[in-house]
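Atoms within each ligand, like the ligands themselves, are counted from 1 in listed order.
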Amino acid sequence: MSDHELRVNKIRNGTVIDHITAGQALNVLAILGVDAHSGETLSVAMNVPSDRLGTKDIVKVEGRELSQDEVDVLSLIAGAATINIVREFDVVEKHRVERPREVVGVLSCPNRHCITTADEPVDSRFDVLEDGIRCCYCDTIVRDGIADHIAVG
Ligand code: CTP
Ligand code: ZN
């Protein structure tokens with residue numbers, strides 16, 4: 001995309017999550033824990049034309065990088081995403097997300113009797129399967145709608 005077509009501003013420092021599966025941008029915001037009260041500056045572009053994907057979403061977060069746990073869950077809903085680290089307007093790092101063997105935190109187990117959903121301070125932990133995720137504590141499997149299990153708050 002040439003500069004005169006730029007849809008959202010370049011950022012000075014932060015992270016650009018590019019090549020997000022179209023329709024997943026709001027779920028990406030949920031993974032990042034961004035809402036009206038988080039005070040973070042970010043830009044979202046949805047349904048942007050893309051050579052590689054047809055259309056894609058883009059999320060730009062200013063002033064911070066993502067944790068590995070956030071990137072791991074992101075890979076489950078946007079497997080073609082690229083993470084670009086920007087410093088002083090330059091992309092200094094770029095990598096594709098990789099599907100991890102397990103994801104820790106960020107998602108919550110749908111089983112309300114699971115130890116991770118009780119008042120215990122136990123982080124959620126799921127094994128990543130080919131077609132879903134499985135809670136390491138209670139073996140509950142989530143196949144569809146993983147984004148519906150992004151923990152709030
Ligand atoms: N970007 C940004 N602010 C910057 C630098 C880059 O918002 N200061 C954005 C670009 O708009 C683009 C993404 O970060 O969406 C990646 O930038 P770049 O690597 O320059 O673009 P491409 O080469 O097109 O990336 P790719 O090859 O991964 O498609
Ligand atoms: Zn569980």
(message) Go through it in stages, so that I can follow the logic: the residues are D18 and K56, the test is salt bridge (charged side-chain N to carboxylate O under 4.0 Å, His left out), and I'd like the CA-CA distance, side-chain angles, deciding distance and then a yes or no.
(response) CA-CA 8 Å; D18 198 357; K56 66 176 180 180; 2.9 Å; yes
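With hydrophobic clusters built from ILVMFWY side chains whose heavy atoms lie under 4.5 angstrom apart, L32 shares a cluster with M46.
The contact set between ligand 1 and I11, taken as ligand atoms under 4.0 Å from a residue heavy atom, comprises 2 (C), 3 (N), 4 (C), 7 (O), 8 (N). Contact atoms of ligand 1 toward D18: 12 (C), 13 (C), 15 (O) (distance under 4.0 Å to a heavy atom of the residue). Interface of V16 with ligand 1, defined as ligand atoms under 4.0 Å from a residue heavy atom, comprises 1 (N), 2 (C), 7 (O), 9 (C), 13 (C), 14 (O). Ligand-side atoms of ligand 1 in range of V91: 5 (C), 6 (C), 17 (O), 19 (O), range being under 4.0 angstrom from any heavy atom.
Assignment of H19 to the shell around ligand 1 is supported, since a heavy atom sits closer than 4.0 Å.
Residue contacts with ligand 1: K94 is placed with a nitrogen or oxygen under 3.5 Å of a nitrogen or oxygen of the ligand (distance criterion only).
When atom types are taken as modelled, the side chain of N84 and the backbone of V16 share a donor-acceptor pair closer than 3.5 angstrom.
Metal site remark for the Zn ion (ligand 2): C136 contributes no N, O or S atom at a distance under 2.8 Å.
The pair R87-E65 meets the salt-bridge criterion, with a side-chain N (NZ, NE, NH1 or NH2) lying under 4.0 Å from an Asp/Glu carboxylate O.
A heavy-atom distance below 4.5 Å is found between the side chains of R99 and V128.
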